[in-house]
J.: 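To start, I am sharing the structure in question, which I have written as structure tokens.
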Amino acid sequence: MSRSPVAIAFFLGVIGLTLLITYWAAKRTQTADEFYTGGGGLGGFKNGLAIAGDFMSAATFLGISGLIYGFGYDGFIYLVSPMVGLCLGLYLIAEPLRNLGRYTVADVASLRLDDRSIRTFSAVASLAICIMYLVAQMVGAGALMQVLLGIPYKYSVLLVGMLMTIYVGFGGMMATTWVQLTKAAILIFGVTVMAVLVLSQFGFSFRELYDQAANVHRLGDELFLPGGLFKDPISLVSISLALVFGLMGLPHILMRLFTVPNARESQRSVLWAAFFIALVNAMIYFVIGYGGIVLLDGQGQYFDAAGQVVGGGNMVAIHLAEVVGGEAFLGFIVAAAFATILAVVSGLTLAGASAVSHDLYAGVFRRGKITAAEEMRVSRLATIALGIAGISLGLLFEKQNIAYLASLVFAISASTMFPLLMLTLRWRPLSTTGALVGGVLGLISSVGLTVLGPAVWVQILGNATPVFPYSNPAIVSMPLAFGSMILVSLLDRGDRAAAERRAFDHLTLQAMFGTRLLR
Amino acid sequence: MNDREARLQRLSEHPDTHEFAKRRARLTLWFPLLLGGVFFSVVLAAGFARPLFGLAFPGNWAAVGTVIAVLFLVLCVVLNAVYMRLYRGRLESLREKILRETEQ
């Protein structure tokens, strides 16, 4: 693929810019509050852009383009699901979370439930989600950089791992925020320009674009009909549940809601994030995906001897960039893809480090008796440890099929963090025992059913048929988590459970009116 | 009783707190139900379309599918705007009033 001077120049430019941002942020990150929240003074618009930058990974830009290219209409699930998840987050979570919490979701849950046990569970679940997501991103980054810039896989993984450790270790949330903001702006600009260039090839006529796509694609008119990717309604519902509700439990997304000064800015953040993500996804879905079908057709240099896209489906948008914009634009898009990876892994590393330093070490191990300086030291050490873990696992999983990991992450989040958060905020009878039983069952069932499903049991372990027939387990694991949390809580008649129910009334007041006003 | 607990008590006893809680609960119930209901209806329709209709789709289904995707995005944007408008109009002013009156 491309080792053009332009691509390399843009690539080095992204690295230089992000390191400059980190240098600037490091001077402003001295306290634990600044490390975890960037000082808490970020406005809704900037935070919304950062949330969009945190969420939109290479899978968003490259993966969805590839899905539309291959399967057409069914890719719309990946377009609208994050939008719905964020909208529901706006209505249900943004305000109370900001009013109640300090740095992590465990801070919120432990306001009414047993501090040590809930903090431990929440931290473990957050860490599992962050690490799995990180592995998926690192493997994707290694493969992408190898194809795009000719950097050998292991050096790509090492480079990404070192950069994310530097951003987070030195600059904390401040550096992470501005890297995500910058990346979001670059991505929105790049995708918009690409969409305009693609549409201009069809006289800015959507009808012309879609007619030609149907003529070229193997699916014909069925390209615009459901059923190309998801063959049965249960699979479609299951992936939808995971994407929508799992997003509302992702630790690196929720953590961003604590970086704003109040609940109003938290809501504005989610509003803007939903807008930016919808904008990018809409351009990918309505223009870029279908544009790739037409404009790559007949361009033999982008297909191998077997007729498959060179580099796989994820390369559709990259090849398209070269077709419509030449070498310069290709270089810019490659740099945008690299920035995308850096922004997401930084957010994941920060969320994981916070789970270790704030929840496990400071909250559980030291029971809150820790100085801010010591907590900062532990945060930085945790960042380094996660960086090493990310690099090591990225190298270990090089040849593995890890496609199931991204799906599993959302299923785990929908079956652990989301039920815990929703019932803590909204349901009076929830008890610690109920929360733990439901959370553990959600975790075990989401992981177990993924292993027993087609993605692992058949494709990786080589069995003929799966034990669990669906790739995404959310349709079972999420109701199981909710159901067991509710049932066990209702059966819990202990004194601790009664006290936790009384604590719900205070928590609700604080969620409505804001705890910072009351301190 | 410390200041924080005293403030919480005044908040819980304020005559408008119950009304505030009711309005907030209504807003945060109906919007998610509406959006979630529409979304999962679209998902179920898309999921069952092929098993029910097989390959014999009516000719204009292609346009319908694309229009549904566009309309859904518009719905999300409109719902968010309406929600924020209602939140600011019906909740924020009442919240500020309660906080002011319970300050001392």
Side-chain angles (χ1 to χ4, degrees), chain A residues 72-74 76-77 79-81 83-84 86-88 90-92 95-96 206-207 210 214 221-228 230-237 239-241 244 263-264 267-268 270-271 274-275 278-279 281-282 285-286 426 505-506 508-515 517-519, chain B residues 3-5 7-9 11-12 17 20-21 24-25 27-36 38-40 42-55 57 59 61-66 68-70 72-73 75-77 79-81 83-84 87-88 91-92 95 98-99 102-103:
Chain A
Y73 186 77
D74 277 355
F76 95 99
I77 278 295
L79 160 66
V80 297
S81 295
M83 181 79 176
V84 174
L86 282 171
C87 290
L88 293 181
L90 169 65
Y91 310 144
L92 297 172
E95 178 210 27
F206 284 93
R207 180 66 187 263
Y210 296 154
D221 281 338
E222 292 189 16
L223 188 61
F224 306 101
L225 297 167
F230 300 105
K231 302 300 181 191
D232 66 272
I234 308 296
S235 296
L236 193 53
V237 170
I239 188 80
S240 305
L241 286 172
V244 169
R264 182 179 186 168
Q267 289 178 316
R268 286 187 70 225
V270 177
L271 199 64
F275 171 73
L279 184 68
N281 283 0
Y285 177 76
F286 290 113
R426 305 276 163 175
D505 300 325
H506 269 181
T508 303
L509 278 175
Q510 293 180 39
M512 288 196 295
F513 294 103
T515 52
L517 293 169
L518 302 175
R519 281 193 188 129
Chain B
D3 288 343
R4 184 171 163 277
E5 287 166 355
R7 184 83 187 276
L8 279 169
Q9 178 130 1
L11 279 170
S12 68
T17 296
F20 178 82
R24 185 172 169 270
L27 207 60
T28 56
L29 173 68
W30 288 112
F31 273 79
L33 277 181
L34 178 60
L35 182 62
V38 171
F39 174 69
F40 282 102
V42 169
V43 165
L44 285 171
F48 280 103
R50 192 174 286 271
L52 287 178
F53 291 98
L55 294 175
F57 281 102
W61 269 93
V64 169
T66 305
I68 286 174
V70 172
F72 191 81
L73 284 181
L75 175 70
C76 287
V77 172
L79 273 182
N80 285 353
Y83 173 84
M84 289 301 285
Y87 184 89
R88 283 189 194 145
L91 287 184
E92 267 200 358
R95 179 177 173 271
I98 295 170
L99 282 170
T102 55
E103 211 157 353

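Every heavy atom of this structure was used, including side-chain atoms; hydrogens, water molecules and symmetry mates were not. So you know, we letter chains A, B, ... as the sequences are listed, proteins then strands, and number each from 1.
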J.: Measure the spacing between CG of B/Leu34 and OH of A/Tyr91 and express it to the nearest 0.5 Å.
T.: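 Here the rounded value is 8.0 Å.
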J.: So, do A/Phe513 and B/Phe20 have ring centers that fall under 6.0 Å from each other?
T.: yes
J.: Give the minimum heavy-atom separation between A/Arg426 and B/Arg24, together with the two atoms involved.
T.: NH2-NH2, 4.4 Å
J.: Just how far is it from atom SG of A/Cys87 to atom CZ of B/Phe39, taken to the nearest 0.5 Å?
T.: 11.0 Å
J.: With a 4.5 Å cut-off on heavy-atom pairs, point out which of A/Phe76, A/Phe230, A/Phe286 contacts chain B the most.
T.: A/Phe286
J.: Below 4.5 Å from any heavy atom of chain B, which atoms of A/Ile77 appear? Answer side chain, backbone, both or neither.
T.: side chain
J.: What's the verdict on side-chain contact (heavy atoms from CB on, under 4.5 Å) for B/Ile98 and A/Met512, showing C-alpha distance, side-chain angles and the deciding distance?
T.: CA-CA 11 Å; B/Ile98 295 170; A/Met512 288 196 295; over 6 Å; no
J.: By a 4.5 Å heavy-atom criterion (distance strictly below it), what part of A/Leu90 contacts chain B: side chain, backbone, both, or neither?
T.: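 Both parts, backbone and side chain.
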J.: Using heavy-atom distances under 4.5 Å, tell me whether B/Ala21 contacts chain A through its side chain, its backbone, both, or neither.
T.: both
J.: A/Phe206 versus chain B, heavy atoms under 4.5 Å apart: side chain, backbone, both or neither?
T.: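 Contact with chain B involves no heavy atom of A/Phe206 at all.
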J.: Chain B heavy atoms under 4.5 Å from A/Val270: which part of the residue, side chain, backbone, both or neither?
T.: neither
J.: Just so I understand: if I count every heavy-atom pair under 4.5 Å between each of A/Val84, A/Leu79, A/Leu88 and chain B, which residue has the most?
T.: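 Most heavy-atom pairs within the cutoff with chain B belong to A/Val84.
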J.: Top residue by heavy-atom pair count (under 4.5 Å) with chain B, among A/Leu92, A/Asn281, A/Asp74?
T.: A/Leu92
J.: When rounded to the nearest 0.5 angstrom, what distance separates CZ in A/Arg264 from CD in B/Glu92?
T.: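 The distance works out to 4.5 Å.
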J.: Is B/Val70 close to chain A through its backbone or its side chain, or both, or neither, when contacts mean heavy atoms under 4.5 Å?
T.: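 For B/Val70, backbone and side chain are both near chain A.
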J.: Enter the distance from A/Gln267:CD to B/Tyr83:OH here, rounded to the nearest 0.5 Å.
T.: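 Going from the CD atom of A/Gln267 to the OH atom of B/Tyr83 covers 5.0 Å.
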J.: Looking only at heavy atoms and a cut-off of under 4.5 Å, which of A/Leu241, A/Ile234, A/Leu223, A/Leu86 has the most pairs with chain B?
T.: A/Leu241
J.: Measure the spacing between CG of B/Leu91 and CD of A/Glu95 and express it to the nearest 0.5 Å.
T.: 7.5 Å
J.: Would you name the heavy atoms of B/Leu8 and A/Leu509 that are closest together and state the gap between them?
T.: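 So the minimum-distance heavy-atom pair works out to O-CD1, 3.6 Å.
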J.: Measuring from atom CZ of A/Phe275 to atom CG of B/Asn80, what distance do you get when rounded to the nearest 0.5 angstrom?
T.: 11.5 Å
J.: Could you tell me which non-hydrogen atom of B/Arg95 sits nearest to which non-hydrogen atom of A/Gly514, and how far apart they are?
T.: NH2-N, 4.2 Å
J.: Do you know which of B/Cys76, B/Ala81, B/Gly36 has the most heavy-atom pairs under 4.5 Å to chain A?
T.: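 Going by pairs under 4.5 Å, I would pick B/Cys76.
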